[in-house]
Amino acid sequence: MTTVRIPAGWPATEEEARAVQDELRARVVLDEPGPPPGAGRVTGVDVAYDDELDVVAAAAVVLDAASLDVVAEATAVGRISFPYVPGLLAFREIPTVLAALDALPCPPGLVVCDGYGLAHPRRFGLASHLGVLTGLPTIGVAKNPFTFTYDDPDAPRGSATPLLAGGDEVGRALRTRTGVKPVFVSVGHRVTLDNACAHTLALTPEFRLPETTRRADALCRGALQDATTPH
DNA sequence: GCGACAG
DNA sequence: ATCTTGTCGC
């Protein structure tokens, strides 16, 4: 486990944070297909908080894409770097997530984030932001539709419908388990939407949420507990 | 103007 | 995200 400081010059106000998004947005790459699903490695990242104690813990868990076995994992803890503001989630999570990714002993491959990428008020959600900062291919898989609209996909696993912002398809509502509420997939960086959905299906042979986020969620919760429990 | 809003 | 018991079901 590593400890992080909030970076110098980190945005202190919502206005500054939005300005950073507006500048970095131009660096998102959308014309690469991304790594093929089911091969190589896939990494899940997630974060847990204790607002009382001002502690944040992040986890990165690397899986073999074919077997979904855990290949490597790392955690990081720090102080909370930004309040939760819809549309500015990245500023709350990114410093600690970057530290966890840096602590991995191997390359992460595709990174799967909890939240959104292009499906964002300014088209620059957490997954896109993390992709631009690291150069890694990233996707976002969210549990809720945020402010977007969609028609319910057909019941069978694999069914999908467009996630719409006005008239634009910014992501997809994807049924990962037959008859269960869909997840909401969007592109982060250097991956197409079709490929992002294919990866998401490859990561959900058993549960609604990707194995990557399930593993990362469990790990960062434990790390928060360790960082928060008196010894 | 008011409410809703990833995690 | 987090606060939180039991309970239904594979």
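Only heavy atoms go into these numbers, but all of them, side chains included; no hydrogens, no water, no symmetry mates. In what follows, chains are A, B, ... by sequence order, proteins preceding strands, each numbered from 1.
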request  = Figure out the CG/C1' separation between A/Asp217 and B/dG7, and round it to whole Å.
outcome  = 11 Å

query = At under 4.0 Å, does any side-chain N or O of A/Lys143 touch on OP1 or OP2 of B/dG7?
reply = yes

ask   = What is the distance, rounded to the nearest whole Å, between atom CZ of A/Phe148 and atom P of B/dC5?
value = 13 Å

inquiry  = Is A/Tyr84 stacked against the base of B/dG7, taking the criterion as centroid distance under 5.5 angstrom and interplanar angle under 30°?
reply    = yes

query = Which whole-number value in Å describes the distance from A/Leu126 CG to C/dA1 P?
reply = 13 Å

query = Taking atom C1' of B/dC5 as reference, at what distance in whole Å does atom CZ of A/Arg122 sit?
reply = 12 Å

query = Has A/Asn144 got a side-chain N or O lying under 4.0 Å from the OP1 or OP2 atom of B/dC5?
reply = no

key: Sidechain N-carboxylate O distance under 4.0 Å for A/Arg221, A/Asp46   = no

ask   = Is the centre of the A/Phe148 ring less than 6.0 Å from the centre of the A/Phe184 ring?
value = no

ask   = Going through the distances and angles, do A/Glu169 and A/Tyr150 end up as a side chain to side chain donor-acceptor pair (under 3.5 Å)?
value = CA-CA 10 Å; A/Glu169 180 180 39; A/Tyr150 68 102; over 6 Å; no

query = So which nucleotide from B/dG7, C/dT2, B/dC5 ends up closest to the side chain of A/Arg221?
reply = C/dT2

message = Whole angstroms only, please: what is the CD-P distance between A/Glu206 and C/dC10?
response = 15 Å

inquiry  = Using a heavy-atom cut-off of 4.0 Å across all strands, would you classify A/Gly87 as base, sugar-phosphate, or nothing?
reply    = base

Gap between atoms OH and P, on A/Tyr49 and C/dA1 respectively (whole Å) = 10 Å

task = Could you check whether A/Ala48 gets within reach of a base, just the sugar-phosphate, or nothing at all, counting any heavy atom under 4.0 Å?
result = sugar-phosphate

inquiry  = Heavy atoms only, 4.0 Å cut-off, all strands: where does A/Ile80 land among base, sugar-phosphate and nothing?
reply    = nothing

query = Nearest to the side chain of A/Leu224, which nucleotide is it out of B/dG7, B/dA6, C/dT2?
reply = C/dT2

inquiry  = Under a 4.0 Å threshold between the charged nitrogen and the carboxylate oxygen, would A/Arg18 count as salt-bridged to A/Glu15?
reply    = no

inquiry  = What is the separation between atom CG on A/Leu89 and atom C1' on B/dG7, rounded to the nearest whole Å?
reply    = 5 Å

inquiry  = Please evaluate residues A/Phe146 and A/His120 with respect to the criterion ring-ring contact (aromatic ring centres under 6.0 Å, His included), reporting the C-alpha separation (whole Å), side-chain torsions for both, the decisive distance (0.1 Å), and the verdict.
reply    = CA-CA 9 Å; A/Phe146 200 10; A/His120 178 271; 7.1 Å; no

task = Check the distance between B/dG7's P and A/Glu93's CD and give it to me in whole angstrom.
result = 9 Å

